[in-house]
Structures are given as structure tokens and as C-alpha cells.
Amino acid sequence: MPELPEVETIRRTLEPRVTGKRIERVDVRCRDLRWPIDEHFEQGLMGRTIRSLARRAKYLLLWLDDDRVWVVHFGMSGRLLFHESETAAGDKHDHVVVFLDSGASLVFNDPRRFGSMSLREPDDASLFEGVGPEPLDATRFNGAYLFAHGRRTKRSLKDVLMDQRVVAGLGNIYVNEALFVAGVRPRRALRRLTRSDCDRLAESVRAIISEAIEHRGSTISDFLDGIGRRGGYQWRRRVYDRAGEPCSVCATEIKAVVVGQRSSFYCPQCQR
DNA sequence: GTAAACCTGGCA
DNA sequence: TGCCAGGTTTAC
């Protein structure tokens, strides 16, 4: 579920609520996420104060006062919910509960268990080795970068933009949306784009990601931010999950195709 | 490259 | 009952 805008939205809602709070107790009810939670995880968090929250790609990073980092990935259905006071009964998919000294708690809930979390040692950057640039970093992610990448691959635009090694944080919703704004079809090969096409594509990615963050992410079915609110971008969707509906620009019927095992949506008139 | 794997829930 | 889902990894 959460792509970059959703994770950023979670970060922004949690930051003012958990920064400076001390972790008093950690209750891991299910260690069996995408990868098993390390046996020393609870001990490592206990007694630590949360210094700040950051995000890289689709990962939420909670920096602790001993310079270690609690890293959370949300997979398809993960949530991290802040509860002001002692939480009620608890959902059967509440896998990790972290109690703060303020009396509040953070609950990681994930029905599908594709999410993951770990405690990383100070300065351990291994998790992000090979992860591409942030799309909003125009100095590293831009038309020149995409064009250069196109010289050495035959892959489709959809495949390339979904690849976290090429650019970090994009997923199925926002790749589809960005391709619409750029006016190119998902199956087009990157190598067939001109340099100015690439400029336009990089700019479209940035525009869509910025707009999605502004609207606090997309709630197509599940997504909730750190305090249980739904996102707003789903109302602004151009093509994602809109097969059969009219294009907002030209009224042509939106088409669905499968590219790289994932559903893709585009307007046959606006995208070429 | 392509498919299958990991899991649960919702919908036709 | 079968298919689909915002993600990522691993195996042919």
C-alpha cells in the first residue's frame, strides 16, 4: 500500500506526537512479518527516546537517542497508528505495540504481514545501498538521469519507474499517474524517449508526488495516516483504477493493461 | 525477463 | 470459488 506520499504522510502526522517521547515498553505479538523481527528488537528499543522521524524511499525512520534507527516498511497493508491513551482490546493484526512515557502508544497493524521492521546500528546504510535517488531531489533525479539510464536498458517506462534502484518510493498508483501527466504509455521503452521527453517525465513524477503529499496520500481501500485519517489524493486520480471511465482531459475511455505483472492504466488518446 | 512466493480480506 | 490488491524477494 503505502508509497512515498503515504509514508511521508505517516511521518508528518507522527513526528509532532512522538518526538522527544521515551519508549517504556515494547510488546511484540507477532514476529513473523516479511522478515522475522530480531529477538533483540524489544531490548534495543526499551528506554530509548525518539529523537526525530525521517523517511527514505518507502521506509519510515525513527531515530533514537543512541543513534540507532527503528526502521519500518509498510508493505501492502501496514499501518502505524498513534493512540493518545491506552488502547482498547486490540485488533488481531496488531503485531507490535510500543508504549511511550506520555501514556500514548504506537501500534503496528498489518493484515497481510508484508511489512517489516528492524533496529539498525548507527551509520548502518546497508539497507539503502542500491536504492535510487529520491524523486523530489531534482539534482539527482531529472531528465538527464532518466535519459542516461535509457541508454543501457530495453525496459518499459512502467518497469523502470517501479524499480526502487532507479528511483525510490514510487509504486503502482503514482507511476501510472505520472505517466499520464507526461503523456506517455506504460509500455513505451525508456530508450525510445527523447531527452526532452525525459525532462517532462521526471518533472511529471515530481509534480504527482508533490501533489499526492499535499493531499496526504491515497486511500483506495486501506491507507490511514499516523492518527487514523484517510488520504485525499484518491479523489484526484487521473487514471489509476479508473478503467472504463472517461479521461478527465479528453473523455476517452481509460484502458487497463498488465505490464510487468502489475495493472497499468492509461488514456489511449492522451498517452502515446 | 517472467513467474511464483509471502499473507489476508474484499468483491464478483 | 476465484481473482484482485498500494510491495519486494527469490527462483526458473
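Computed from a prediction, not measured in an experiment: that's the story for all the values here. Heavy-atom basis, side chains included; hydrogens, waters and symmetry copies ignored.
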Peer 1: Base, sugar-phosphate alone, or nothing: which one does A:Ser156 contact when heavy atoms must sit under 4.0 Å apart?
Peer 2: nothing

Peer 1: So, do A:Phe114 and C:dG7 meet the stacking rule of ring centres under 5.5 Å and planes under 30°?
Peer 2: yes

Peer 1: Apply salt bridge (Lys or Arg N to Asp or Glu O under 4.0 Å) to A:Asp110 and A:Arg112, showing your working.
Peer 2: CA-CA 6 Å; A:Asp110 184 5; A:Arg112 295 178 72 178; over 6 Å; no

Peer 1: Ring centroids only, cut at 6.0 angstrom: are A:Phe223 and A:Phe74 within range, meaning strictly under it?
Peer 2: no

Peer 1: Under 4.0 angstrom, heavy atoms only, what part of the nucleic acid is A:Lys154 near: base, sugar-phosphate, or nothing?
Peer 2: nothing

Peer 1: For atom C1', what is the distance between B:dG1 and C:dG6, given to the nearest Å?
Peer 2: 24 Å

Peer 1: Specify the separation, in whole Å, of atom CG of A:Leu80 and atom P of C:dG6.
Peer 2: 22 Å

Peer 1: Using a heavy-atom cut-off of under 4.0 Å over every strand shown, decide if A:Asp159 touches base, sugar-phosphate, or nothing.
Peer 2: nothing

Peer 1: Are A:Arg11 and A:Glu8 within salt-bridge range, i.e. N to O under 4.0 Å?
Peer 2: yes

Peer 1: In whole angstroms, how far is the C1' atom of C:dG7 from the CZ atom of A:Arg165?
Peer 2: 14 Å

Peer 1: Please check if any side-chain donor atom of A:Asp197 sits under 3.5 Å from a side-chain acceptor atom of A:Thr194, or the reverse.
Peer 2: yes

Peer 1: Expected output is a numbered-order residue list: members of residues 258-266 of chain A with a heavy atom under 4.0 Å from any atom of DNA chain C. What is it?
Peer 2: A:Arg262, A:Ser263

Peer 1: Answer yes or no: does atom CD of A:Gln43 have more than 12 heavy-atom neighbours from other residues, nucleotides or ligands under 6.0 Å?
Peer 2: no

Peer 1: A:Lys58 side chain N/O closer than 4.0 Å to the phosphate oxygens (OP1, OP2) of C:dG6?
Peer 2: no

Peer 1: Using a strict threshold of under 4.0 Å (side-chain N to carboxylate O), is an ion pair present between A:Asp225 and A:Arg230?
Peer 2: no

Peer 1: Which residue pairs satisfy the side chain to side chain donor-acceptor pair (under 3.5 Å) criterion with at least one member in residues 168-186 of chain A, sequence neighbours excluded?
Peer 2: A:Glu6-A:Tyr174, A:Lys158-A:Asn172, A:Asn172-A:Asn176, A:Tyr174-A:Ser218, A:Glu177-A:Tyr233

Peer 1: Determine, stepwise, if the pair A:Glu211 / A:Arg236 fulfils salt bridge (Lys or Arg N to Asp or Glu O under 4.0 Å).
Peer 2: CA-CA 9 Å; A:Glu211 182 183 347; A:Arg236 308 182 71 85; 2.7 Å; yes

Peer 1: For A:Arg56 versus A:Ala168, what's the shortest heavy-atom pair and its separation?
Peer 2: NH1-CB, 3.6 Å

Peer 1: Going by an N to O cut-off under 4.0 Å, is there a salt bridge joining A:Arg113 and A:Asp32?
Peer 2: yes

Peer 1: Please list, in 5' to 3' order, the outermost nucleotides of DNA chain B lying under 4.0 Å from any heavy atom of chain A.
Peer 2: B:dA3 to B:dG9

Peer 1: Regarding A:Glu253 and A:Arg242, does a basic nitrogen lie under 4.0 Å from an acidic carboxylate oxygen?
Peer 2: no

Peer 1: Check this for me: A:Lys255, atom NZ, are more than 12 non-hydrogen atoms of other residues, nucleotides or ligands nearer than 6.0 Å?
Peer 2: no

Peer 1: Please give the distance between the P atoms of B:dC7 and C:dA11 as a whole number of Å.
Peer 2: 16 Å

Peer 1: Answer with yes or no whether the side chains of A:Arg25 and A:Ser105 bring together a donor and an acceptor at under 3.5 Å.
Peer 2: no

Peer 1: Look for any protein N or O under 3.5 Å of an N or O in nucleotides 10-12 of chain C and output each such pair with its distance, or none.
Peer 2:
none

Peer 1: A:Glu6 has an atom CD; how far is it from atom P of C:dA5, in whole Å?
Peer 2: 16 Å

Peer 1: Take A:Thr13 and A:Arg216 through the side chain to side chain donor-acceptor pair (under 3.5 Å) test and state the conclusion after the steps.
Peer 2: CA-CA 10 Å; A:Thr13 51; A:Arg216 303 184 2 267; over 6 Å; no

Peer 1: If I take atom CZ in residue A:Arg112 and atom P in nucleotide C:dG6, what distance separates them, rounded to the nearest angstrom?
Peer 2: 9 Å

Peer 1: Between C:dT9 and B:dG9, how far is it from one P atom to the other, in whole Å?
Peer 2: 24 Å

Peer 1: So what's the dot-bracket for DNA chain C: Watson-Crick or G-U pairs under 3.5 Å, [ ] if a pair crosses, | if it pairs off-strand?
Peer 2: |||||.||||||

Peer 1: Cation over ring, A:Arg55 on A:Tyr59, under 6.0 Å and within 45°?
Peer 2: no

Peer 1: Going by number, which of residues 172-185 of chain A have a non-hydrogen atom under 4.0 Å from DNA chain C?
Peer 2: A:Asn172, A:Ile173

Peer 1: For A:Arg272, does the CZ atom have more than 12 heavy-atom neighbours from other residues, nucleotides or ligands under 6.0 Å away?
Peer 2: yes

